[in-house]
K.L.:
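Below are the structure tokens for one structure; questions will follow.
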Amino acid sequence: MRFCGQTAIVTGGASGIGKAIVKALASEGASIVLMDVAEASGNAVAAELKNNCYFFRGDVADEAHCAACVNTAEQRFGPVSILINNAVCPLFRSIEATSQEWKQILDVNVIGASLMSRYAVDSMKRAGNGAIVNISSISGIIAQAGTMTYNTTKAALLGMTRCMALDLGRFNIRVNAVCPGYTLTPAFDFYVEQSGRNREDVVRELADQTMLGRLATPEDIARCVLFLCSSDATYVTGTHLMADGGLTAR
């Protein structure tokens, strides 16, 4: 039980990787505030975990929601010591992206993570320590066709991670990122749907690009996140962990 007595916030925690992170943290003793715009699924996760989890309906693109979420976490469970910036806008556009589309994805994927961190850090200072994990992607490392908007925001998260780690180290707050490869989530299904291709063909093709011959499960990624939040990683900050089955190492 690595996180007994700790308070965590997981954004975008109602499904996919975020949901797996929420469940993994709860299984190791953390009290979690799950922030998401998906009310039905968010409430369902919180109900399943009972007293360990509270659902906060909020949008990370709204600064007032970010501040209120952190305040709620403190009031219910105590100062925040873990923040997982997982909320994502899966908007895949290339050079044709409009200014409104850029604003939409930047508000969630980049500015939202910054705002959540801003308010969580105030709480972490009161706790005396903290761990922030930003969920980036292999898309922040490599080029992919037709996804310039998404890849740009995921690359921005890696730069944010390094700068935040430098600024916050003196407060005993560690900041790292995880870069998942292709993971079997609703967001992946949305990506496949937009491509217009057969799902089984896409899964097989992408799995063949990895060294392990399979795509990730949300639980695979959650285990990486929990390591970076834990006392096993007390000297790890300012870096990113590739969780892609070796895809980008080839």
Side-chain angles (χ1 to χ4, degrees), residues 9-18 21 33-38 42 56-70 83-122 132-168 175-183 185-195 221 225 238-244 248:
I9 295 175
V10 180
T11 68
S15 65
I17 290 172
I21 294 169
V33 170
L34 182 172
M35 181 180 182
D36 208 301
V37 294
F56 180 91
R57 189 192 182 286
D59 183 352
V60 298
D62 187 320
E63 184 170 358
H65 289 187
C66 296
C69 179
V70 174
L83 171 66
I84 313 300
N85 283 314
N86 172 72
V88 64
C89 173
L91 179 66
F92 304 111
R93 296 286 187 274
S94 187
I95 197 68
E96 76 281 359
T98 65
S99 59
Q100 183 57 40
E101 286 173 330
W102 273 112
K103 184 178 186 305
Q104 180 184 349
I105 195 169
L106 287 167
D107 277 351
V108 175
N109 295 9
V110 180
I111 298 172
S114 173
L115 291 173
M116 282 303 304
S117 299
R118 172 187 174 184
Y119 291 102
V121 162
D122 288 340
I132 299 173
V133 178
N134 296 319
I135 306 301
S136 181
S137 170
I138 59 169
S139 301
I141 302 291
I142 64 175
Q144 295 164 303
T147 62
M148 181 178 70
T149 49
Y150 184 79
N151 290 43
T152 298
T153 62
K154 290 302 184 178
L157 277 179
L158 297 178
M160 183 188 298
T161 296
R162 292 188 290 270
C163 292
M164 285 173 56
L166 179 60
D167 291 339
L168 298 176
V175 188
N176 293 289
V178 172
C179 295
Y182 295 104
T183 307
T185 64
F188 174 79
D189 291 337
F190 178 73
Y191 165 78
V192 174
E193 181 182 340
Q194 283 202 322
S195 75
I221 309 306
V225 171
T239 192
H240 60 272
L241 173 59
M242 301 302 299
D244 64 353
T248 57

K.L.:
Measure across Leu157 and Ala113 and return the closest heavy-atom pair with its distance rounded to 0.1 Å.
P.N.:
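Heavy atoms only, the tightest pair is CD2-CB, 3.8 Å.
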
K.L.:
Below 4.5 Å, heavy atoms only, C-beta onward: do Trp102 and Arg93 meet side chain to side chain?
P.N.:
no

K.L.:
Within the side chain of Ser137, is there an N or O that forms a donor-acceptor pair under 3.5 Å with the backbone of Gly140?
P.N.:
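No, the answer is negative, given that no donor and acceptor are paired below the 3.5 Å cut-off.
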
K.L.:
How long is the straight-line distance from CD of Glu63 back to CZ of Arg118, given to the nearest 0.5 Å?
P.N.:
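So the gap between those two atoms works out to 5.0 Å.
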
K.L.:
State, with a plain yes or no, whether a side-chain heavy atom of Ile221 is found less than 4.5 Å away from one of Thr183.
P.N.:
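The answer is yes; the side chains approach within 4.5 Å.
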
K.L.:
Taking C-beta and beyond as the side chain, do Val88 and Ile135 meet within less than 4.5 Å on heavy atoms?
P.N.:
no

K.L.:
Mind listing the closest non-hydrogen atom pair of Thr149 and Ala97 along with its distance?
P.N.:
CG2-CB, 3.6 Å

K.L.:
Would the distance check show the side chain of Thr185 and the main-chain N or O of Gly16 forming a donor-acceptor pair, the cut-off being under 3.5 Å?
P.N.:
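No; judged by distance alone, with no hydrogens or angles, the pair does not exist.
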
K.L.:
Does Ser117 use its side chain to pair, donor to acceptor, with the backbone of Leu115 at less than 3.5 Å?
P.N.:
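Pair absent, no side-chain N/O of Ser117 close to backbone of Leu115.
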
K.L.:
Measure across Pro90 and Phe190 and return the closest heavy-atom pair with its distance rounded to 0.1 Å.
P.N.:
O-CE2, 3.2 Å

K.L.:
In Å and rounded to the nearest 0.5 Å, what is the OG to NZ distance from Ser136 to Lys154?
P.N.:
6.0 Å

K.L.:
Pair Ile84, Val225 - check side-chain contact (heavy atoms from CB on, under 4.5 Å), show working.
P.N.:
CA-CA 8 Å; Ile84 313 300; Val225 171; 3.6 Å; yes

K.L.:
Applying side chain to side chain contact (heavy atoms under 4.5 Å, CB included) between Val175 and each of Leu168, Asp167, Asn85, report the one that passes.
P.N.:
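It is Leu168; the other options fail the test.
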
K.L.:
With the side chain counted from C-beta on, respond yes when Val60 and Val108 share a heavy-atom pair under 4.5 Å apart, and no when they do not.
P.N.:
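Of all side-chain heavy-atom pairs linking Val108 with Val60, at least one is under 4.5 Å.
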
K.L.:
Any chance you could measure Asp59, atom CG, to Cys66, atom SG, to the nearest 0.5 Å?
P.N.:
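Result: 8.0 Å between the selected atoms.
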
K.L.:
Is there side-chain contact between Ile132 and Met164, with at least one heavy-atom pair below 4.5 Å?
P.N.:
yes

K.L.:
Determine yes or no for a side-chain-to-main-chain donor-acceptor pair under 3.5 angstrom, with Asn109 supplying the side chain and Cys89 the backbone.
P.N.:
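Answer holds: yes.
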
K.L.:
Quick check: does any side chain N or O of Asn151 sit under 3.5 Å from a backbone N or O of Ile142, one acting as donor and the other as acceptor?
P.N.:
yes

K.L.:
In Å, rounded to the nearest 0.5 Å, how long is the span from OG1 of Thr153 to CE of Met160?
P.N.:
10.0 Å

K.L.:
Looking at Ala177, is its backbone amide N or carbonyl O close enough to the side chain of Asn134 to form a donor-acceptor pair, meaning the two atoms are under 3.5 Å apart?
P.N.:
no

K.L.:
If you define the side chain from C-beta out and look only at heavy atoms, does anything of Cys69 sit under 4.5 Å from Ile9?
P.N.:
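Result yes, sub-4.5 Å side-chain heavy-atom pair found.
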
K.L.:
What heavy-atom pair brings Leu34 and Ala14 nearest, and what distance separates the two atoms?
P.N.:
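That closest heavy-atom pairing would be CD2-N, 3.8 Å.
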
K.L.:
Using side-chain heavy atoms (C-beta onward) and a distance below 4.5 Å, is Thr248 in contact with Met242?
P.N.:
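Yes; the side chains approach each other to less than 4.5 Å.
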
K.L.:
Test your reading of the model: is there a side-chain donor-acceptor pair from Asn176 to the backbone of Val133, 3.5 Å cut-off?
P.N.:
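Checked: no pair found.
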
K.L.:
Once you round to the nearest 0.5 Å, how far does CG of Leu106 lie from OG of Ser99?
P.N.:
11.0 Å

K.L.:
First locate atom CG of Leu158, then atom OG1 of Thr239, and finally report the distance between them rounded to the nearest 0.5 Å.
P.N.:
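With rounding to 0.5 Å, CG (Leu158) is 9.5 Å from OG1 (Thr239).
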
K.L.:
Going through the checks in order, is the side-chain contact (heavy atoms from CB on, under 4.5 Å) test met by Lys103 and Thr98?
P.N.:
CA-CA 9 Å; Lys103 184 178 186 305; Thr98 65; over 6 Å; no

K.L.:
For Glu101 and Glu96, which heavy atoms make the closest approach, and how far apart are they?
P.N.:
OE1-O, 4.3 Å

K.L.:
Gly238 and Arg162: which non-hydrogen atoms are nearest, and at how many Å?
P.N.:
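Here Gly238 and Arg162 meet closest at O-CG, 3.6 Å.
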
